[in-house]
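Note that ligands are numbered from 1 as they come in the structure, with each ligand's atoms numbered from 1 the same way.
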Amino acid sequence: MSIGSRGLFTYQEIMSQGQVWKATLEAFKDQAERLSSWLELPHRDVLFTGCGSTYYLSLSAASIWQSLVGQSARALPASEIWLYPAMMSAGKGSLLAAISRSAETTETIYASRAYRKLTGQEYLCVSCYGDRGLALETLHHLVAEQAREQSVAQTRAFSSMLLLIQALAGHVARRNDILSALEVLPTVFPDLVKESEPIARKLAAEMQLSHFVFLGSGFNYGLACEAMLKMKEMSLSVSEPFHFLEYRHGPKSMVTNGTLVIGLISEPAKEQEAKVLTEMKALGATTLALCEDSRGVEADYVIEFQSGTPAEVSCLLTLPPLQMFAFYRSMEKGLNPDLPNNLDAVVKL
Ligand code: F1P
């Protein structure tokens with residue numbers, strides 16, 4: 001299967017992530033100092049919000065923030081903030097980080113206005129654009145300009161905006177080790193592609209696999225959700241995310257030999273997570289593990305990062321292999337990954 005014009009934008013956006021991450025980290029250095037006025041606003045905790053991909057990004061961002069900064073953080077879909085202002089009553093003591101690739105999603109704009117009305121405080125806009133929509137209504141910005149995309153499904157925009165939040169959390173926590181570890185990610189990207197592209201391609205071509213389950217806990221849960229969304233958007237496949245150990249509590253009843261269980265394994269929880277994969281394999285599923293270090297992990301397919309970075313950082317490396325997997329399944333099905341069914345790049349109400 002050669003990559004012609006079908007899927008070309010998505011393919012290039014996935015494959016350019018190493019370079020784009022490098023440029024995004026450079027750009028972060030110029031932006032970080034300017035954010036002190038946002039961070040100094042009175043607050044007890046941080047609320048992350050977005051829609052679709054950027055809501056899933058918020059879930060991982062909140063978990064990474066809690067772990068690195070040691071401050072309470074949570075995530076809500078923008079529509080919950082907009083439609084259920086009661087959800088915001090606890091938000092009186094929160095900083096709001098509103099995340100949107102386009103900066104134009106109506107729900108995220110309305111949620112940010114609701115926050116502003118409630119608290120009188122400006123929010124942080126995390127986007128690929130600093131000059132429109134959501135970005136124009138606040139003074140505080142984190143922008144991943146180099147990560148802008150032509151495709152509907154987010155790939156490098158998602159990973160680069162998450163990278164900005166990882167960097168901000170490292171900066172706030174005064175963790176120079178985290179900032180140095182983030183610099184490692186672009187350098188390991190080419191080897192990650194070399195290792196994972198053949199696996200993504202092979203599994204995508206195994207058409208007897210038609211039910212995709214993405215398992216992740218902690219920082220990885222939002223990423224498992226994002227991988228599920230990529231699979232749905234690009235390849236119109238049945239895909240579901242779960243907190244890793246939750247899969248035993250009922251959902252495993254759906255496992256057949258058409259199920260591929262994909263474990264986004266994190267070092268701190270590896271022992272328990274690896275057991276779930278082994279059990280699902282015994283039930284007839286095919287298993288794929290993505291992990292920093294494969295010792296103690298048994299799976300049919302393994303993608304190992306060996307990045308030497310902490311779990312709050314290495315979690316980003318789960319994304320490119322799973323984006324490639326969704327891309328190749330879409331191509332195998334004769335679809336165009338650049339233009340998912342029924343979707344627009346931005347939802348405007
Ligand atoms: C969010 C989003 C995308 C999704 C879809 C519609 O956009 O939900 O995640 O793929 O095409 O928009 P944004 O607010 O991050 O620009």
Side-chain angles (χ1 to χ4, degrees), residues 7 9-11 13-14 17 20 24 47-62 75-83 96-115 123-138 141-165 214 221-237 239 241 319-320 322-327 329-330 335-349:
F9 286 133
T10 305
Y11 189 75
E13 286 158 7
I14 294 171
Q17 283 175 110
V20 170
T24 301
L47 174 58
F48 292 89
T49 194
C51 293
S53 284
T54 38
Y55 166 57
Y56 299 141
L57 201 167
S58 299
L59 288 172
S60 284
L76 283 173
S79 54
E80 294 288 296
I81 297 176
W82 168 39
L83 298 176
L96 180 74
I99 311 170
S100 172
R101 169 178 69 175
S102 62
E104 293 195 317
T105 295
T106 307
E107 288 141 87
T108 312
I109 294 175
Y110 286 178
S112 303
R113 287 182 187 161
Y115 166 82
Y123 53 87
L124 172 66
C125 172
V126 183
S127 182
C128 294
Y129 297 85
D131 55 358
R132 64 195 206 189
L134 189 67
L136 293 177
E137 297 186 22
T138 184
H141 303 117
L142 259 185
V143 188
E145 216 168 272
Q146 312 271 356
R148 289 179 186 173
E149 293 172 324
Q150 314 245 21
S151 307
V152 170
Q154 303 196 15
T155 55
R156 74 181 181 196
F158 183 102
S159 61
S160 301
M161 290 188 288
L162 182 58
L163 186 64
L164 284 176
I165 292 169
F214 296 90
Y221 178 65
L223 306 181
C225 294
E226 168 64 4
M228 167 283 295
L229 187 67
K230 293 303 81 138
M231 208 60 191
K232 277 202 172 83
E233 288 181 331
M234 286 193 219
S235 83
L236 311 182
S237 303
S239 59
L319 289 169
L322 299 178
Q323 295 162 347
M324 280 188 260
F325 181 39
F327 170 85
R329 175 51 68 111
S330 173
L335 301 168
N336 184 351
D338 291 349
L339 293 172
N341 219 20
N342 304 336
L343 287 187
D344 296 311
V346 188
V347 176
K348 291 189 184 177
L349 305 180

Exercise answer: donor-acceptor pairs, residues 55-62 side-chain atoms, under 3.5 Å, sequence neighbours excluded:
from, atom 1, to, atom 2, distance (Å)
S58, OG, T49, N, 3.4
S58, OG, T49, O, 3.4
S58, OG, T54, O, 2.8
S60, OG, F219, O, 2.5
S60, OG, G222, N, 3.4
S60, OG, L223, N, 3.3

Which atom pairs, one a donor and one an acceptor, fall under 3.5 Å between side chains of residues 342-349 and the rest of the protein, sequence neighbours left out?
from, atom 1, to, atom 2, distance (Å)
K348, NZ, E104, OE1, 3.4

Tabulate below the donor-acceptor pairs under 3.5 Å that side-chain atoms of residues 147-154 make, not counting sequence neighbours, or state none.
from, atom 1, to, atom 2, distance (Å)
R148, NE, C128, O, 2.8
R148, NH2, C128, O, 3.3
E149, OE1, R101, NH1, 2.7
E149, OE2, T155, N, 2.9
E149, OE2, T155, OG1, 3.1
E149, OE2, R156, N, 2.7
E149, OE2, A157, N, 3.0
S151, OG, T10, N, 3.3
S151, OG, T10, OG1, 3.1
S151, OG, E13, OE1, 2.7

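With a 6.0 Å radius and a threshold of 12 heavy atoms from other residues, nucleotides or ligands, Y129 has its OH atom above the threshold.
Side-chain N or O atoms of Q17 include one that pairs as donor or acceptor with a backbone N or O of I14 at under 3.5 Å. Judged by distance alone, with hydrogens and angles left aside, the side-chain atoms of R132 form a donor-acceptor pair with the main-chain N or O of S102 at under 3.5 Å.
Near ligand 1, residues C51, G52, S53, T54, S100, R101, S102, T105, V152, Q154, E233, D344, A345, V347 each place a heavy atom inside the 4.0 Å sphere around the ligand atoms.
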